Amino acid sequence: MVDLFFKLDIVYKSNGSKGGNENNTTTNSNNNNNNNNNADCPDPQQRLAVLSFEQVRRLNDVMNEVVSIHGRGNFPTLEVRLRDLVTVVRSKLETDPSNGGAGMRVRDIRLNGGAASHVLATESQPYNDLDLIFAVELSSGRNYDKVKAAVLGSLFDLLPEGVSRKRITTCSLKEAYVSKMVKVNNDGDRWSLISLGNSRGHRNVELKFVDSMRRQFEFSVDSFQIVLDSLLLFYECSKLPIGENFYPTVVGESVYGDFQEALYHLHKKLISTRHPEEIRGGGLLKYCNLLVKMYKPSQPDYIKTLERYMCSRFFIDFPDISQQRAKLENYLWNHFVGPEEEALKYQYLMLLHSVVEESTVCLMGHERRQTLALIENLAYQVFCQEQQQRLTNHQQAPTGPPATYVYANGYYYAPVIPTACYTCTCNSWMACSS
């Protein structure tokens with residue numbers, strides 16, 4: 001049992017003490033997949049922190065969550081725990097090619113994005129996707145193909161019993177379960193993305209395979225990465241469940257720079273970033289998304305300067321009006337899901353319109369007016385859809401019990417009876433005959 005403690009690096013305390021503290025920084029750096037050592041944070045230890053028990057417990061809940069990978073056509077939905085999916089993919093990557101694997105070394109595995117913020121936050125943070133980072137070597141184009149084959153092989157192994165596998169090919173698996181594939185191989189960036197799931201309203205699983213990436217975050221609140229290796233080893237070796245006095249040491253990192261500063265921003269709902277001109281799209285759409293969800297700039301005066309950089313980079317990456325329309329429509333579709341999110345779309349577009357109008361300095365006058373008109377048209381469409389939905393809900397609403405008179409202060413008050421609206425057919429104006 002003592003060997004198990006050493007092997008897993010388990011935090012084991014007596015009943016009178018608490019294990020782990022989010023304010024304690026770890027002394028072990030596991031930073032192989034990150035080439036973005038920020039000059040604004042010279043001490044690399046400030047980037048890291050050990051998770052508290054409550055955070056590890058939430059992480060354990062996320063890893064035990066059953067995700068649904070919906071298939072197109074006749075392909076069945078794959079129901080699998082996130083921890084099992086991670087284990088299967090890692091096994092496929094590391095298994096020898098003679099046994100059907102990729103023969104690659106996985107340096108570490110991390111949870112990223114909204115799910116990581118949900119684990120670290122004191123209040124519940126909603127998240128749309130489950131983002132996982134596998135640190136692997138992608139020095140050659142052949143390794144990209146190995147990664148793709150490993151993911152598709154994992155999907156094949158996860159098919160439920162009773163499904164005939166004889167005629168299923170990797171091509172058909174890709175068409176059925178993969179919604180997006182991205183490959184990046186240029187100066188300073190070598191990574192690929194495979195997104196599993198194609199059902200709106202359900203969490204997609206984003207598998208990112210990273211050798212090097214110059215920019216791994218947009219804002220401080222989405223800069224967290226949680227190293228999963230110790231937790232996965234705990235699942236393999238320990239027969240005991242996670243408890244307050246028995247849980248693995250899990251390390252988190254903020255690629256923004258200072259972990260405690262980024263965590264403070266997350267708890268206080270503050271907006272902060274560095275060098276937004278390095279972000280594809282400038283972070284403009286995410287910035288307005290944070291604003292509409294009641295986040296506030298950590299430096300209100302300085303944020304106006306950053307807004308200009310965001311707008312400039314957005315129009316550099318999406319210079320054509322058709323590209324801007326496609327990007328905006330795709331962002332609205334992917335990031336405003338569910339009744340609560342849908343209700344924010346109009347306000348979001350109005351905020352975006354305001355930021356573009358005030359902070360765009362890189363466009364000609366007619367280009368600027370063209371983009372503003374695009375945002376106005378999208379907002380008008382959203383507004384009309386909302387009004388139509390409200391009208392439909394009102395018409396379908398069940399009639400309530402008969403209203404009664406209310407007596408108060410010596411008066412009887414009768415209920416207001418809604419009357420039907422009729423369109424006036426009379427002509428108020430006569431046509432000019434001269």
Side-chain angles (χ1 to χ4, degrees), residues 1-31 33-34 45-67 81-87 90 106-127 129-135 203 205 221-256 258-260 262-267:
M1 192 67 177
V2 175
D3 294 336
L4 177 62
F5 282 109
F6 282 106
K7 185 175 182 181
L8 294 180
D9 191 18
I10 300 297
V11 175
Y12 186 75
K13 303 289 183 180
S14 64
N15 292 331
S17 63
K18 301 286 185 182
N21 190 322
E22 63 185 32
N23 294 322
N24 293 335
T25 56
T26 184
T27 58
N28 295 323
S29 174
N30 189 357
N31 197 28
N33 73 324
N34 176 31
Q45 299 304 321
Q46 293 182 19
R47 304 164 63 92
L48 308 174
V50 176
L51 272 61
S52 67
F53 165 69
E54 286 299 324
Q55 292 168 334
V56 174
R57 182 183 58 79
R58 286 195 294 270
L59 176 61
N60 180 59
D61 293 340
V62 171
M63 297 302 294
N64 281 290
E65 178 182 342
V66 176
V67 296
R81 287 187 304 178
L82 186 61
R83 57 185 274 190
D84 296 331
L85 176 63
V86 171
T87 301
R90 181 178 63 178
V106 179
R107 296 194 296 268
D108 61 39
I109 304 172
R110 302 183 176 211
L111 183 69
N112 187 38
S117 298
H118 164 77
V119 168
L120 297 171
T122 53
E123 298 181 359
S124 178
Q125 294 279 336
Y127 56 97
D129 299 323
L130 292 161
D131 301 305
L132 295 161
I133 298 176
F134 293 78
R203 292 193 179 108
V205 181
V221 293
D222 58 53
S223 68
F224 297 104
Q225 297 180 2
I226 300 174
V227 183
L228 300 176
D229 296 74
S230 60
L231 182 62
L232 295 173
L233 187 59
F234 180 91
Y235 292 146
E236 292 178 10
C237 300
S238 176
K239 295 182 179 180
L240 298 175
I242 286 178
E244 187 171 3
N245 299 314
F246 185 74
Y247 61 94
T249 299
V250 180
V251 176
E253 177 180 2
S254 170
V255 292
Y256 166 79
D258 190 321
F259 188 95
Q260 298 306 325
L263 193 62
Y264 177 80
H265 293 164
L266 180 64
H267 291 162

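Bear in mind that the values here come from a model prediction, so they are computed numbers and not experimental data.
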Exercise. Kindly write out the residues that satisfy side-chain hydrogen bond (donor to acceptor under 3.5 Å, both in side chains) with Asn112, not counting sequence neighbours, or none if the list is empty.
Key: none
Quiz item: Under the criterion side chain to side chain contact (heavy atoms under 4.5 Å, CB included), which of Ile109, Val250, Leu82, Val251 is the partner of Leu228?
Solution: Ile109
Self-check item: Nearest heavy atoms of Asp131 and Gly114, plus distance in Å
Solution: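 Asp131 and Gly114 have their closest heavy atoms at OD2-N, 4.2 Å.
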When rounded to the nearest 0.5 angstrom, what distance separates [atom1] in [X] from [atom2] in [Y]?
| X | Y | atom1 | atom2 | answer |
| --- | --- | --- | --- | --- |
| Glu236 | Leu231 | CD | CG | 10.5 Å |
| His265 | Ser117 | NE2 | OG | 13.0 Å |
| His267 | Thr122 | NE2 | OG1 | 4.0 Å |
| Met63 | Leu132 | CE | CG | 6.5 Å |

Quiz item: Can we call the ring centroids of Tyr256 and Phe224 under 6.0 Å apart?
Solution: no
Quiz item: Above 12 or not: heavy atoms from other molecules or residues under 6.0 Å from CD of Glu123?
Solution: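 Open.
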Within the structure provided, determine whether [X] and [Y] are in side-chain contact (heavy-atom separation under 4.5 Å).
| X | Y | value |
| --- | --- | --- |
| Phe259 | Leu120 | yes |
| Val119 | Tyr127 | no |
| Val255 | Gln225 | yes |
| Asn245 | Phe53 | no |

Quiz prompt | Evaluation steps, side-chain contact (heavy atoms from CB on, under 4.5 Å), between Asp84 and Tyr235 | solution = CA-CA 10 Å; Asp84 296 331; Tyr235 292 146; over 6 Å; no
Practice problem: Could you tell me which residues satisfy side chain to side chain contact (heavy atoms under 4.5 Å, CB included) with Gln125, sequence neighbours excluded, listed by chain and number? | Solution: His118, Ala121, Leu266, Tyr295
Quiz item: If only atom types and distance count, is the side chain of Ser230 paired as donor or acceptor with the main-chain N or O of Thr249 below 3.5 Å?
Solution: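 Yes, the answer is positive, given that a donor and an acceptor are paired below the 3.5 Å cut-off.
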Exercise. Using the ring of Phe134 (Phe, Tyr or Trp, six-membered ring only), decide whether Arg90 places NZ or CZ under 6.0 Å from its centre and within 45 degrees of its axis.
Key: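 Negative - Arg90 is either too far from the ring of Phe134 or too far off its axis.
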